[in-house]
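Working notes, structure below.
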Amino acid sequence: MTLTGGCLCGALRFEIDGPVRMRGLCLCRTCQKVSGGAGNLFVGLEAAAFRYTRGEPRRFARADASDAPAREFCAECGVHVASRSPKAPGGLIVKVGALDDPGAFGKADMVFWTQEKQAFHHLPEDATIFERLPGR
Ligand SMILES: [Zn+2]
Ligand SMILES: [Zn+2]
């Protein structure tokens, strides 16, 4: 599967050439802050299937947790396109909204962090639900 995408201004472009391993929705408070409140929709991939074809992202990780995921975003327009976590080496997640064709996502099969869910969040049907991250 080949998917392309980028940030809002076009300074950052990427290509995915490989299978999507996970279609997810995260409702944690951090994702609420990053997304505007709705949570983050993302595809999970092997990092080797992902490459930037234009530009280099800025990276941010919380300094108060050594295993915090690093968010990758455009230094020009600020749009977040991907995240990598030290807890999942060799993998990364890409934000669905950054894809050129977000419709290719289909729907979330897995939902994370419902423990921090708000009353206005709706869970997709037939998804596997996790109160937090599995294994924590
Ligand atoms: Zn940009
Ligand atoms: Zn989250």
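Keep in mind the model is a prediction, meaning the values are calculated, not measured. Whatever order the structure lists them in is the order used to number ligands and atoms, beginning at 1.
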Original post:
Do other residues, nucleotides or ligands put more than 12 heavy atoms under 6.0 Å from R58 CZ?
Top reply: no

Original post:
What protein atoms of element N, O or S are positioned under 2.8 Å from the Zn ion (ligand 2)?
Top reply: C26 SG, C28 SG, C31 SG

Taking distance alone, no hydrogens or angles, what donor-acceptor pairs closer than 3.5 Å link side-chain atoms of residues 22-29 to residues at least two apart or in another chain?
from, atom 1, to, atom 2, distance (Å)
R23, NE, F105, O, 2.9
R29, NH1, Q32, OE1, 2.9

**OP:** Report the protein N/O/S neighbours of the Zn ion (ligand 1) that fall below 2.8 Å; do not count waters.
**Re:** C7 SG, C9 SG, C74 SG, C77 SG

**OP:** Establish, yes or no, whether a centroid distance under 6.0 Å links the rings of F60 and F73.
**Re:** no

Original post:
Got a donor-acceptor contact below 3.5 angstrom from the R84 side chain to the P69 backbone?
Top reply: no

**OP:** Kindly compute the distance separating OG1 (T4) from CG (D101), expressed to the nearest 0.5 Å.
**Re:** 8.5 Å

Subject >> Nearest-0.5 Å distance, CD of residue E72 to CZ of residue R59 >> reply: 4.0 Å

Subject >> Any side-chain heavy-atom pair of D100 and L3 under 4.5 Å >> reply: no

**OP:** Name all residues meeting the salt bridge (Lys or Arg N to Asp or Glu O under 4.0 Å) criterion together with E15; count only those two or more places apart in sequence or in a different chain, and write none if there are none.
**Re:** R51

**OP:** Could you grab the distance from atom CG of L133 to atom CH2 of W113, nearest 0.5 Å is fine?
**Re:** 6.0 Å

